[in-house]
Chemist: 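Take a look at the following structure, please.
Throughout, a chain's letter reflects where its sequence line sits, starting with A, and its residues are numbered from 1. Predicted, not measured: the structure shown is a model, and the values here were computed from it.
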Amino acid sequence: MSVIVRFAPSPTGYLHIGSARTALFNWLYARHHQGKMLLRIEDTDRARSTREAVDAIYKGLEWLGIDWDETPVHQFERMQRHVEVAQELLAIGMAYPCYCTPEELDEMRKEARAKGQPIRYDSRWRDRSPDEAPPGAQPVIRFKAPQKGNTVIHDLVQGEVHVSNYQLDDMIILRADGTPTYNLSVVVDDHDMGITHIIRGDDHLTNTFRQFQVYQAMGWKIPHFAHIPLIHGQDGAKLSKRHGALGIEAYRDMGYLPEALRNYLLRLGWSHGNHEIISTKEAIEWFDLDHVGKSPARFDFIKLANLNGHYIREMKNDDLLNLLIPFMEKKRLTLNPEALDLLKRGMNGLKQRAKTLVELADNALFYVTIPNLDEGAQKILDIEGLELLKLMEGYLSSFPETRWTEKNLEDYARKIAEEKNLKLGKLVQPLRAVLTGKTVSPSVFEILHILGKDKSLKRLQKYISSNIN
RNA sequence: GUCCCCAUCGUCUAGAGGCCUAGGACGCUGCCCUUUCACGGCAACAACGCGGGUUCGAAUCCCGCUGGGGACGCCA
């Protein structure tokens, strides 16, 4: 039997980071088993579902590098089929109309809570004749759940989970307006789509019991379930907007690479021995449900940043430049071919020092624009610093352009430092300050070389001339 | 309130009764490399929540407690 999984988000907002991980696990499982990864948009909540959210889901998945097979199913379009199944359940006596008002239900819940009872509908219409229905009332249709015994599911992550059927009430499958509810729709769709493995967040674990009963009532084959733990914020509380429950596009905008996020998300709740850096190829090869942990994990931006730095360093300069461009353009810069060339050649030194594309863009700025000096840089250029700067300007201007390479410039500076009995750092920091506006940057000699003699000297001279008392 | 799930360094985790003096990674600290900062290398710090069992032997199995999370919608 081949594996068919699905990712079934509801388009009521952005693609949440936890959902992204669920999608990733599904995708890896499908690809590992050479099965199918299906997409189903659960858009039956018409009030909250939006076209924009659907697009955000597609875009988010694409950005993350997750693809899917076949045309996505829109749950709303399958409403007729869901109603049909409800009618069938009604016909075989596994469902019944219920005329309870929302007020009555509310009352029931309050009472149950007060008595320390489970909060559930008391099945008062289960065996009543519809003749007793209040005139003109539109009933909901409820599923006739077993009232005795237990329901047991064999979860591939959670193991065997039992619940007493007493805890489960007769859930509504058709609303008063005739539309189907979630717990019916999922079962019907999963069945019709031939889903073999349902991998989803463990917030759905309790729904599974109810869904299980519907499968049984319909005599349908029950798929395998795998409920993966949720992701928490750094403080262990539920992931909220404040700490990480952002849409996936927010991570893109913060300058994280999809391969880094994929690697990070994969290791959140799944492991393969001591492996930390895992390529997508390896992930597909290794992924299984046996090694999915059962406890929830906290989202840690620091570790994500570390991984991101790794993937930035690994990336080819050309590819990285392409990713960098939009981040540079956010700074309202127009990048002419010359600027692009400088960035490309400066990439080796730059990418070593950035954990995000945002950081990379900040650090790359000096290549394409005359920098303003930050506080530290100004401090370097005190009276002594300025003298050393003038000294170096002199030496550099007499240095032949034909020999203007990183290695030669370094040797030259070392020689000067030795002659003047100065530490190399002392001599070079003022250059860095003027060239980059910062105290921290790639190698000064690398920068001199990439900028070229002309540009480099102009920056030095401009600074010197504007600082002659 | 009721039910369900979970519990190893600060964080992510390895660990399927003896291989555990509990391993790796991130972070933190120190050192080396060094023109700054990174990268890289080396080292240090740091955990089996508590209490009972079972067993010759438990981080691993069982029970309880505590703590965390989730679900209890005519939302999905």
Side-chain angles (χ1 to χ4, degrees), chain A residues 8-12 42-45 47-49 75 98 100-102 105-106 109 112-120 138-142 155 157-159 161-164 166-169 171-177 179 181-183 185-186 201-209 227 229-230 232 234 236-238 264 267-277 290-291 293-300 302-307 309-310 313 349-355 363 376 380 410 413-414 417 423-429 431-433 436 438-445:
Chain A
S10 56
T12 53
E42 308 215 315
D43 54 355
T44 51
D45 185 341
R48 292 197 296 153
S49 298
Q75 193 161 57
C98 164
C100 269
T101 60
L105 292 171
D106 204 43
R109 287 184 196 114
R113 191 178 283 271
K115 280 187 185 163
Q117 303 278 311
I119 295 167
R120 59 197 291 284
Q138 278 300 312
V140 299
I141 303 300
R142 285 184 183 270
D155 193 278
V157 171
Q158 306 289 338
V161 190
H162 306 242
V163 77
S164 161
Y166 174 64
Q167 293 294 329
L168 274 17
D169 62 1
M171 65 167 170
I172 294 174
I173 54 177
L174 243 40
R175 298 185 187 94
D177 66 2
T179 58
T181 58
Y182 171 74
N183 276 314
S185 298
V186 225
D202 74 7
D203 50 338
H204 285 282
L205 188 58
T206 48
N207 282 327
T208 309
F209 298 108
H227 287 92
L230 269 17
H232 291 173
Q234 286 107 318
K238 193 177 180 176
Y264 178 71
R267 281 286 292 102
L268 217 53
W270 179 83
S271 61
H272 189 261
N274 282 340
H275 294 275
E276 295 289 344
I277 305 284
D290 298 344
H291 291 85
K294 295 169 93 172
S295 49
R298 298 182 186 204
F299 195 91
D300 181 11
I302 307 281
K303 187 148 183 176
L304 172 59
N306 173 272
L307 239 20
H310 170 84
R313 272 172 257 133
L350 291 170
K351 72 179 178 184
Q352 213 67 23
R353 295 168 170 79
K355 297 221 183 285
N363 295 343
I380 295 284
E410 181 173 344
R414 282 188 189 283
K423 286 209 167 179
L424 186 60
K426 191 84 182 163
L427 195 59
V428 138
Q429 274 301 77
L431 290 178
R432 185 191 317 277
T436 70
K438 298 179 181 183
T439 54
V440 169
S441 80
S443 159
V444 169
F445 309 111

Chemist: Among U35(B), C74(B), C75(B), which is the nearest nucleotide to the side chain of Arg48(A)?
Modeler: C75(B)

Chemist: Taking donor-acceptor contacts at under 3.5 Å, does the side chain of Ser443(A) reach the base of U35(B)?
Modeler: yes

Chemist: What does Leu304(A) touch in the nucleic acid at a heavy-atom separation under 4.0 angstrom: a base, only the sugar-phosphate, or nothing?
Modeler: nothing

Chemist: What is the distance, to the nearest angstrom, from the CD atom on Glu410(A) to the P atom on U34(B)?
Modeler: 10 Å

Chemist: Do Asn183(A) and Ile173(A) touch side chain to side chain, with heavy atoms closer than 4.5 Å?
Modeler: no

Chemist: Heavy atoms from C-beta onward define the side chain here; which of U2(B), C37(B), G40(B) lies closest to that of Val440(A)?
Modeler: C37(B)

Chemist: Would you measure the distance from the C1' atom in G24(B) across to the matching atom in U8(B) and give it in whole Å?
Modeler: 13 Å

Chemist: Kindly point out which of C26(B), C37(B), A76(B) is positioned nearest to the side chain of Arg353(A)?
Modeler: C37(B)

Chemist: Which nucleotide, A76(B), C3(B), A71(B), lies nearest any side-chain atom of Thr206(A)?
Modeler: A71(B)

Chemist: Taking atom P of U34(B) as reference, at what distance in whole Å does atom CZ of Arg414(A) sit?
Modeler: 8 Å

Chemist: OP1 or OP2 of A76(B) versus the side-chain N and O atoms of Arg175(A): is any pair under 4.0 Å?
Modeler: yes

Chemist: Taking only the C1' atom of each, what is the distance from U21(B) to G15(B) in whole angstrom?
Modeler: 16 Å

Chemist: Please report, rounded to the nearest Å, how far the P atom of C72(B) is from the CD1 atom of Ile119(A).
Modeler: 10 Å

Chemist: For every nucleotide of nucleotides 5-14 of chain B, 5' to 3': is a protein heavy atom under 4.0 Å from its base (B), only from its sugar-phosphate (S), or from neither (-)?
Modeler: SSS---SBSS

Chemist: Look at Asn306(A) and G27(B) and indicate whether a side-chain polar atom (N or O) is within less than 4.0 Å of OP1 or OP2.
Modeler: yes

Chemist: Check the phosphate of C37(B) against Arg432(A), side-chain N and O only, distance under 4.0 Å to OP1 or OP2. Yes or no?
Modeler: no

Chemist: Expressed in angstrom and rounded to an integer, what is the separation of Met171(A) atom CE from A76(B) atom P?
Modeler: 12 Å

Chemist: What pairs with Asp203(A) under salt bridge (Lys or Arg N to Asp or Glu O under 4.0 Å), at least two apart in sequence or on another chain?
Modeler: none

Chemist: Taking only the C1' atom of each, what is the distance from C61(B) to U54(B) in whole angstrom?
Modeler: 8 Å

Chemist: For Asn183(A) and C74(B), what is the distance between atoms CG and P respectively, to the nearest whole Å?
Modeler: 11 Å

Chemist: Got His310(A) and Ile277(A) here, is their nearest side-chain heavy-atom distance under 4.5 Å?
Modeler: yes

Chemist: Atom CZ of Phe445(A) to atom P of C37(B): distance rounded to whole Å?
Modeler: 15 Å

Chemist: Can you tell me, in whole Å, how much space there is between the C1' of U13(B) and that of G73(B)?
Modeler: 37 Å

Chemist: So Ile302(A), base contact, sugar-phosphate only, or nothing? Heavy-atom distance under 4.0 Å.
Modeler: sugar-phosphate

Chemist: For Lys438(A), which residues count as a salt bridge (Lys or Arg N to Asp or Glu O under 4.0 Å) partner, sequence neighbours excluded?
Modeler: none

Chemist: When the P atoms of A43(B) and C9(B) are compared, how many Å lie between them, rounded to an integer?
Modeler: 24 Å

Chemist: Can you tell me if the side-chain N/O atoms of Arg142(A) get under 4.0 Å from OP1 or OP2 in G73(B)?
Modeler: no

Chemist: Kindly point out which of U36(B), G69(B), A71(B) is positioned nearest to the side chain of Asp203(A)?
Modeler: A71(B)

Chemist: Quick one: Gln167(A) CD to C4(B) P, roughly how many Å, whole number?
Modeler: 7 Å

Chemist: Does Arg313(A) get its side chain close enough to the base of C39(B), under 3.5 Å, for a donor-acceptor pair?
Modeler: no

